[in-house]
Amino acid sequence: MANPTKSTMLSSLPDETVGEMGCMQQGDKWKTHKMFQNPMVTLDNGRGIGVGDLLEISVPMFNVKYFLVNRFFKQKMSIPLATPNDVSASTEQNYVVYAEGYLVMDPLFLAVSRCRCRVPLIELNTSRTIPKNSFASTNNGLRRFDVSEVGQFLNVQPSLCDDNEHVFNLWNNQGFCERWKRNKPDVDLMKVVVTPLMLFTDDTSGNLSKQYNLFDSYLMIPAAMSYDARSSKNNCFFVCTSNKKLSAVNMLSPLVEDLKQLEKGVQMNSIVHKQTVLVVAPLLLIQADNYRHSELSMHKGSVAGCFCRKCKIRNRKNPNPKPRKNATAERRADLMLALEDPTLLPPVEHRYPLRTIDDLILLRDTDDEEDGFTVNGSEQLLLLESYNPTLDTPIKLLHTLPLGIGKTLVQFLLKTSLPKAEVDLFQNALSDYRKCQAYSRNFRALLNHNGSFHGRDFKQLTQIIPVILRQTFPDCAERDIIDLTAKCFDVYSCLYSMAYMRNFTGDKDAFIKMIDHFADKLIKCTLHLDNFCIETKKTPTCLLSLQPKLHTLRHMASGIHRFGMSINYETEHGEQFNKFIREEILRTNRHNPSKDVSIAFARQFIIHHVVSGGSFLVNYKNPVSKLLFDSRENANNDYREASRMTATTAGLFEYKTPSETMDFFGAIVRINRGKYIIQKYVIEPYSITLYSRFFNRYRSPVFEDFLTTVDNNIVMKPIGEETEYDLEDIMLKQRLDMHSTYNFGNLGQRRLLNIHKFGSLWSNLRISNQ
């Protein structure tokens, strides 16, 4: 709060903008949980407006003159409702602050509207607060009326209806937010700032070999910051670490005590408000891998009978187990005999009743262990009002998709589906794809090293495999094993494309429905692949459909509902912080590494805070400053699109001149004397002749009006001649992967738009619906 560059980024109102999702403030928890509602907003003139205040309506009509405030939120508007000088306008561009509450009549008796109404603060007189004691006594209860009784005379939006008790408590200053009211010596109320937090926990090796001697650690990240700000090393705050004496669960006790104190509120000096404020810091979520999430949810992990920490699905065993090395001769003979006539895997229903926080509280209080759950010390987190272990442990993208399902599919393709000669042919096709300009990083590794691929390798590889697999092997349809694997890659990459989006615009419910659709379809495709392997006695069999990580995809949609886009709570940048922890461990004498590492990070944060606090300006180009402030940042593995346009760059362009504006698909052929030479393309419409001749009568269920390949990649047709444009008149709105081509015989070549690139699937779905 005392850092001027970070203090303004620590708090944010719930964002209820319709038709978009890009930040954690747009998740359901931030919008509905009582611990995340700001009890007060500070206007530009320094005046504070709080929950429970009675404000006068600027233009009252009939008997309705006042508004009882229940909560605050913000909403992005295409045309701002307020001018820059309005005190009620949000400091963020195009955002308007709303108050949600109740309309109040002004006769001798008190009457409050039945439904909450949403009113922009500019519609209210915020210069003074109306004293409630000027109204009639409320000892006899409240009279409630419908908004329709007084007409739609205000810019109000009826919302939820509340019972009389909630409104009565709000009127009599007995609501939930009253706990945070503190009186200052000058009688005014102390301003309250809500700064939600996220915790990240992981283990890292304290050895040079990066093996053994594991240190468990905790980091703290301010949740209200933007994705780019949270990804910075300087905004990941080290909390604690330990190797042998304390595990991650053992370190919870002091952490929970501090978090409970932060939920109650801690007085701090704010450099923005220039006074002491009450800081409330609820816990939004905990980022971790699946194993650590299970530990912190009182769960035994994936080896338990109920392997999922979120629902009550039971573990399913392999019906065709192979004999172990230490199996007896009799047992080995029985298993080998059973493998002669293997059993197919039946379909699995992945929708099971969800576990609730009440289940965990009952387990804690009775100590009656349930299958899959146990009292292991993490029950201390149940003491926090803001945290729910069953809901606030969202799935980890990196180890669920790239290093989970994606890794299994890639290794199955290279080791089982394709023979060695065809792997070499596939390697040549991937090498040709390095020239594609649609990605900030291209795949350059050799396929025979797939056992040591990193997450970034699987990220890039699974985006391009679907578009080149069937082109490299045109006889896929006749080879069942490759065809089934290609179908799995197609569905997986569609899900992958949507999961790694930074933000989106459109219908939120339709987007989440698509996530669920591809998750269900991937489960079915992997089951077909597994059963084919069992029938043909392929070794090793895939058995991907038995992986617990495949089931966790069923919970991805609920995480997006609760916290926003999945990329907001990915763990990659937190894991990259492990290298800084390891470096500090290696500098110690190993006598007390936990203390030594904490002191080293504390010194770094103190220096960074003092310098960024405005005491003096720092020249970051100075090598001494770089050494002093440790300016190294986490590597950027989010594959953001490159901004520079070069030859072969393809995408959606905007041509803008004073007289016209036009959007079109195109690819830059060359750059000549300060001008772009661009070939335009259009989406090839669905054609019965073409789809029956070239694509085995396949019609895409995703893009029904477009001509697509069997893998749902869109066929792009060139139109007209190459056109010359001035550099300043052309802007690249979205970079697309149109590197691959398809030969239509005498009709010429067409380009293929790869929908599996991050974000391309959803953007083209919006085009198809327009």
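Counting begins at 1 with the first residue of the sequence.
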Between [X] and [Y], is any side-chain donor less than 3.5 angstrom from a side-chain acceptor?
{"X": "Ser378", "Y": "Glu295", "result": "no"}
{"X": "Ser417", "Y": "Thr485", "result": "yes"}
{"X": "Asp203", "Y": "Tyr291", "result": "no"}
{"X": "Asp490", "Y": "His756", "result": "yes"}
{"X": "Asp15", "Y": "Thr17", "result": "yes"}
{"X": "Asn388", "Y": "Thr390", "result": "yes"}
{"X": "Ser431", "Y": "Arg444", "result": "no"}
{"X": "Thr741", "Y": "Arg751", "result": "no"}
{"X": "Gln463", "Y": "Ser493", "result": "no"}

Classify the angle between the aromatic ring planes of [X] and [Y] as parallel (below 30°), tilted (30 to 60°) or perpendicular (above 60°).
{"X": "Tyr433", "Y": "His739", "result": "perpendicular"}
{"X": "Tyr742", "Y": "Phe694", "result": "perpendicular"}
{"X": "His551", "Y": "His350", "result": "parallel"}
{"X": "Phe703", "Y": "Phe706", "result": "parallel"}

Measure across [X] and [Y] and return the closest heavy-atom pair with its distance rounded to 0.1 Å.
{"X": "Ser297", "Y": "Thr393", "answer": "OG-CG2, 3.8 Å"}
{"X": "Asn442", "Y": "Gln460", "answer": "C-CG, 4.0 Å"}
{"X": "Asp359", "Y": "Leu354", "answer": "OD2-O, 4.4 Å"}
{"X": "Gly455", "Y": "Pro402", "answer": "O-CB, 4.1 Å"}
{"X": "Lys549", "Y": "His399", "answer": "NZ-O, 2.9 Å"}
{"X": "Asp737", "Y": "Cys436", "answer": "OD1-SG, 3.4 Å"}

Any [X] side-chain heavy atom under 4.5 Å of [Y] side chain:
{"X": "Leu765", "Y": "Phe511", "answer": "no"}
{"X": "Thr462", "Y": "Leu409", "answer": "no"}
{"X": "Tyr227", "Y": "Glu570", "answer": "yes"}
{"X": "Ile683", "Y": "Asp705", "answer": "no"}
{"X": "Asp711", "Y": "Phe489", "answer": "no"}
{"X": "Met336", "Y": "Pro323", "answer": "yes"}
{"X": "Asn290", "Y": "Arg309", "answer": "yes"}
{"X": "Cys311", "Y": "His555", "answer": "yes"}

field: Passing option when Lys396 is tested against Glu572, Gln287, Glu575, His293 for side-chain hydrogen bond (donor to acceptor under 3.5 Å, both in side chains)
entry: Glu575
Given 3.5 Å as the limit, does a donor-acceptor pair link the side chain of [X] with the main chain of [Y], or not?
{"X": "Asp530", "Y": "Leu544", "result": "yes"}
{"X": "Asp365", "Y": "Leu362", "result": "no"}
{"X": "Asn568", "Y": "Gly564", "result": "no"}
{"X": "Ser452", "Y": "His449", "result": "yes"}
{"X": "Glu684", "Y": "Met716", "result": "no"}
{"X": "Asn754", "Y": "Asn713", "result": "no"}
{"X": "Thr416", "Y": "Leu413", "result": "no"}
{"X": "Asn712", "Y": "Ser700", "result": "no"}
{"X": "His454", "Y": "Arg456", "result": "no"}

If you round to the nearest 0.5 Å, how far is [atom2] of [Y] from [atom1] of [X]?
{"X": "Gln380", "Y": "Met298", "atom1": "CD", "atom2": "CE", "answer": "10.5 Å"}
{"X": "Arg230", "Y": "His573", "atom1": "CZ", "atom2": "NE2", "answer": "10.0 Å"}
{"X": "Lys407", "Y": "Leu401", "atom1": "NZ", "atom2": "CG", "answer": "14.5 Å"}
{"X": "Leu398", "Y": "Phe458", "atom1": "CG", "atom2": "CZ", "answer": "10.5 Å"}
{"X": "Asn320", "Y": "Thr343", "atom1": "CG", "atom2": "OG1", "answer": "5.0 Å"}
{"X": "Leu527", "Y": "Leu546", "atom1": "CG", "atom2": "CG", "answer": "9.0 Å"}

field: Ring-face cation of Arg699 near Tyr686 (centre distance under 6.0 Å, axis angle within 45°)
entry: yes
message: Do Lys757 and Tyr439 form a cation-pi contact, if we require the NZ or CZ to be under 6.0 Å from the six-membered ring centre and within 45 degrees of the ring's axis?
response: yes
- request: Give the intermediate values and the outcome of side-chain contact (heavy atoms from CB on, under 4.5 Å) for residues Glu349 and Ile313.
  value: CA-CA 9 Å; Glu349 176 57 50; Ile313 186 173; over 6 Å; no
task: Determine the sole option in Leu360, Ile286, Ile357 for which the side chain to side chain contact (heavy atoms under 4.5 Å, CB included) test with Leu381 is passed.
output: Ile286
- prompt: Considering the options Asp216, Thr571, Asp289, which one meets the side chain to side chain contact (heavy atoms under 4.5 Å, CB included) requirement together with Asp202?
  reply: Asp289
query: Do Phe443 and Phe453 have ring centres separated by under 6.0 Å?
result: yes
Exceeds 12 heavy-atom contacts within 6.0 angstrom, atom [atom1] of [X]:
{"X": "Asp475", "atom1": "CG", "value": "yes"}
{"X": "Arg479", "atom1": "CZ", "value": "yes"}
{"X": "Lys487", "atom1": "NZ", "value": "no"}

field: Lys508 with Asp28: basic N within carboxylate O range, under 4.0 Å
entry: yes
- prompt: Are Asp424 and Lys420 close enough for a salt bridge, meaning some N to O gap below 4.0 Å?
  reply: yes
message: For a side-chain contact (heavy atoms from CB on, under 4.5 Å) check, start with the C-alpha distance between Ile405 and Leu553, then their side-chain angles and the critical distance, and finish with the verdict.
response: CA-CA 10 Å; Ile405 302 169; Leu553 296 179; 3.5 Å; yes
message: Please determine whether side chain to side chain donor-acceptor pair (under 3.5 Å) holds for the pair Thr505 and Arg766, giving the CA-CA distance in whole Å, both sets of side-chain angles, and the decisive distance to 0.1 Å.
response: CA-CA 9 Å; Thr505 55; Arg766 294 189 63 207; 2.5 Å; yes
message: Determine whether Tyr496 and Lys459 satisfy the following criterion, side-chain contact (heavy atoms from CB on, under 4.5 Å), listing intermediate values before the conclusion.
response: CA-CA 9 Å; Tyr496 199 47; Lys459 268 187 177 182; 2.9 Å; yes
